[in-house]
Participant: 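Sharing a structure with you now.
Computation of the quantities below employed the complete heavy-atom set of this structure, encompassing side-chain atoms and omitting hydrogens, waters and symmetry-equivalent molecules.
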Number of protein chains: 2
Amino acid sequence: MNQPALGKEAIGIDLFAAGVASPKGKPRSLIESVMHRLRCEIVQGVLSAGSRLLIDDLQRRFDVSGGTVREALSLLVSDGLVHAKTQRGFFVAPMSLQDLEGLTRTRIALECESVRESVKCGGSEWESNLVAAYSELARSDEHVMRNPDDEFDQWEIANRNFHRSLISACSSDWTFRFLAVLNIHLERYRRLTSPHTLPERNVHAEHELIFQSALARDAEQCSLLLRQHIESSVSVVRQFALLR
Amino acid sequence: MNQPALGKEAIGIDLFAAGVASPKGKPRSLIESVMHRLRCEIVQGVLSAGSRLLIDDLQRRFDVSGGTVREALSLLVSDGLVHAKTQRGFFVAPMSLQDLEGLTRTRIALECESVRESVKCGGSEWESNLVAAYSELARSDEHVMRNPDDEFDQWEIANRNFHRSLISACSSDWTFRFLAVLNIHLERYRRLTSPHTLPERNVHAEHELIFQSALARDAEQCSLLLRQHIESSVSVVRQFALLR
DNA sequence: CGATTAACGATAATCGATTTTTTGGAGGTT
DNA sequence: AACCTCCAAAAAATCGATTATCGTTAATCG
């Protein structure tokens with residue numbers, strides 16, 4: 001019968017790159033293009049959290065019809081970057097410390113459990129992917145130290161790939177999907193606060209330890225380090241209390 | 001500044017009832033109404049997994065314009081019940097044993113971690129909600145034994161409320177949201193297989209044990225029982241191998 | 001003077017028509 | 001038989017205009 005197997009061309013949430021930098025080919029439709037541009041603007045903070053998304057404005061700004069804008073926005077509801085209220089339009093998802101904490105706890109639940117399983121059952125393919133992702137990230141870590149502004153997009157990609165590689169051995173599509181959503185949102189917080197956290201805590205050292213414990217197949221240790229890694233990034237934000 | 005605090009009227013995924021039976025008030029717009037009807041049909045299997053969702057058909061069937069259908073569909077992408085492919089339309093999310101397993105594992109990661117925390121930090125309000133939800137479920141468990149067909153919707157609600165109560169003490173909105181999504185999908189599988197699993201394994205007994213360990217504040221035990229509870233429901237499906 | 005209602009302007013929701021894109025052959029070529 | 005190319009039907013994407021709804025301000029009433 002009919003079993004389309006959900007190809008990579010499915011739109012909506014895309015598992016392969018959710019944030020600003022998208023490796024996906026050229027947009028295949030206006031809707032997709034508008035959706036992508038909106039997503040970037042939201043993640044980058046051009047459209048500020050909580051603000052209203054007026055169809056008319058967007059329609060003029062992107063030079064498309066209202067219906068197209070509406071549909072792009074509806075699709076963006078999928079990854080929670082946009083909220084829709086009946087008869088009152090669309091809004092950029094608000095940001096708050098509470099939201100960030102929820103984001104973080106949920107991420108920990110999913111990612112730590114996944115990494116535990118991956119470390120246990122990962123094969124050689126998993127291992128080599130992980131090694132590759134790690135060295136790429138190590139390179140990016142250095143670059144971003146020098147010129148934070150230029151290299152930030154690249155670092156985001158490398159970071160995402162590293163974390164994805166860690167859990168790629170045996171995680172379900174659903175887990176990937178949710179983590180992708182969480183990561184878009186967390187990226188938004190990172191971009192908001194990154195100008196203020198320049199002399200970054202030693203993220204690189206944390207990554208290295210996680211990487212080593214993964215290769216050493218110490219599932220519990222790896223999971224624990226990962227948890228601390230994820231938690232510590234939120235405490236940086238909390239210190240600056242940029243939110244509310 | 002602008003902080004709309006995301007009221008309960010937000011559409012898209014709704015945390016309060018995701019499946020067939022929705023306690024939400026009357027739909028406030030055509031889009032919402034179409035969205036809800038489509039969601040029901042998909043969850044109940046009227047629209048079969050993997051099948052194509054033709055705008056023209058739906059438009060005629062629901063007596064609304066194509067644009068309205070498109071937007072309802074776009075919104076349904078949010079909870080993964082509908083997939084959108086650029087220039088090729090919309091599809092009902094496919095079902096497979098693999099998907100079910102992913103759903104289950106992801107649910108376990110989220111729900112078991114959450115219940116652990118809830119049992120630890122739940123106050124008296126949490127406790128009384130849980131007691132209420134449990135007795136409601138116990139009642140439904142009995143009813144559904146007698147006439148499975150009539151009472152199934154009601155049981156789904158009671159079941160959902162019980163599981164939600166368990167973790168309600170300190171779970172984030174994100175966790176709730178994701179669990180709501182997973183539950184819609186799992187409900188679809190339950191409805192698909194429930195005719196074949198009539199003499200249900202003793203679900204009630206499982207719920208009771210979980211309930212008791214929660215009240216006894218035995219977080220680890222509760223989490224473990226919950227994990228087994230969730231796992232065992234998938235193995236039922238696996239036996240019947242209804243999928244693929 | 002406070003409260004209730006009426007009228008208005010802004011904006012979301014909806015539709016029907018038009019334009020592209022995809023799909024599934026029919027026929028012809030190697 | 002496998003592989004193109006071209007064509008027409010089907011379907012999705014897109015638009016511009018119309019209608020319904022909300023929130024606010026102005027007017028009215030007790």
Participant: Do NZ/NE/NH1/NH2 and the carboxylate oxygens of Arg160(A) and Glu156(A) come within less than 4.0 Å?
Facilitator: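 No, Arg160(A) and Glu156(A) are not salt-bridged.
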Participant: Between protein and nucleotides 9-19 of chain D, what N or O pairs are separated by less than 3.5 Å?
Facilitator:
| from | atom 1 | to | atom 2 | distance (Å) |
| --- | --- | --- | --- | --- |
| dA12(D) | OP2 | Ile55(B) | N | 3.3 |
| dA13(D) | OP1 | Gln87(B) | N | 2.7 |
| dA13(D) | OP2 | Arg70(B) | NH1 | 2.3 |
| dA13(D) | OP2 | Arg70(B) | NH2 | 2.5 |
| dA13(D) | O5' | Arg70(B) | NH2 | 3.4 |
| dT14(D) | OP1 | Leu30(A) | N | 2.4 |
| dT14(D) | OP2 | Ile31(A) | N | 3.1 |
| dC15(D) | OP2 | Ser65(A) | N | 2.7 |
| dC15(D) | OP2 | Ser65(A) | OG | 3.2 |
| dC15(D) | OP2 | Thr68(A) | OG1 | 2.7 |

Participant: Applying salt bridge (Lys or Arg N to Asp or Glu O under 4.0 Å) as the test, list every pair that has at least one member in residues 123-136 of chain B; sequence neighbours left out.
Facilitator: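 Checked against salt bridge (Lys or Arg N to Asp or Glu O under 4.0 Å) - neighbours excluded - the pairs reaching residues 123-136 of chain B are Glu127(B)-Arg217(B), Glu136(B)-Arg139(B).
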Participant: Could I get the full list of side chain to side chain donor-acceptor pair (under 3.5 Å) partners for Ser118(B), not counting sequence neighbours?
Facilitator: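 Per chain and number, Ser118(B) pairs via side chain to side chain donor-acceptor pair (under 3.5 Å) with no residue.
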Participant: Considering residues at least two apart in sequence or located in another chain, which fulfil the side chain to side chain contact (heavy atoms under 4.5 Å, CB included) criterion with Gln59(A)?
Facilitator: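 Gln59(A): side chain to side chain contact (heavy atoms under 4.5 Å, CB included) contacts with Ile55(A), Asp56(A), Val69(A).
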Participant: If you fit an axis to the five pairs at each end of the helix from dC1(C)-dG30(D) to dT30(C)-dA1(D), how big is the angle between those two axes, to 10 degrees?
Facilitator: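 Axis angle across the helix from dC1(C)-dG30(D) to dT30(C)-dA1(D), nearest 10°: 20°.
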Participant: Not counting sequence neighbours, list each pair that qualifies as a salt bridge (Lys or Arg N to Asp or Glu O under 4.0 Å) and has a residue in residues 60-69 of chain A.
Facilitator: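 Sorted pair list: Glu41(A)-Arg61(A).
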Participant: Going by side chain to side chain donor-acceptor pair (under 3.5 Å), name the residues that satisfy it together with Ser65(B), two or more places apart in sequence or in a different chain.
Facilitator: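 Side chain to side chain donor-acceptor pair (under 3.5 Å) list for Ser65(B), sorted by chain: Thr68(B).
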Participant: Nucleotides 7-9 of chain C: which of its N/O atoms have a protein N/O under 3.5 Å away?
Facilitator:
none

Participant: Not counting sequence neighbours, which residues clear side chain to side chain contact (heavy atoms under 4.5 Å, CB included) with Thr104(A)? List them please.
Facilitator: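 For Thr104(A) the side chain to side chain contact (heavy atoms under 4.5 Å, CB included) partners, ignoring immediate neighbours, are Leu100(A), Ile108(A), Leu186(A), Ile230(A), Val234(A).
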Participant: List in chain and number order the residues that pass side chain to side chain donor-acceptor pair (under 3.5 Å) with Arg37(A), two or more places apart in sequence or in another chain; answer none if no residue qualifies.
Facilitator: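 Per chain and number, Arg37(A) pairs via side chain to side chain donor-acceptor pair (under 3.5 Å) with no residue.
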Participant: Quick one: list whatever passes ring-ring contact (aromatic ring centres under 6.0 Å, His included) with His185(A), sequence neighbours left out.
Facilitator: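 His185(A) satisfies ring-ring contact (aromatic ring centres under 6.0 Å, His included) with Trp174(B) once adjacent residues are dropped.
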Participant: State which residues pass side chain to side chain donor-acceptor pair (under 3.5 Å) with Glu71(B); sequence neighbours excluded, sorted by chain then number.
Facilitator: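 Side chain to side chain donor-acceptor pair (under 3.5 Å) list for Glu71(B), sorted by chain: Arg70(A).
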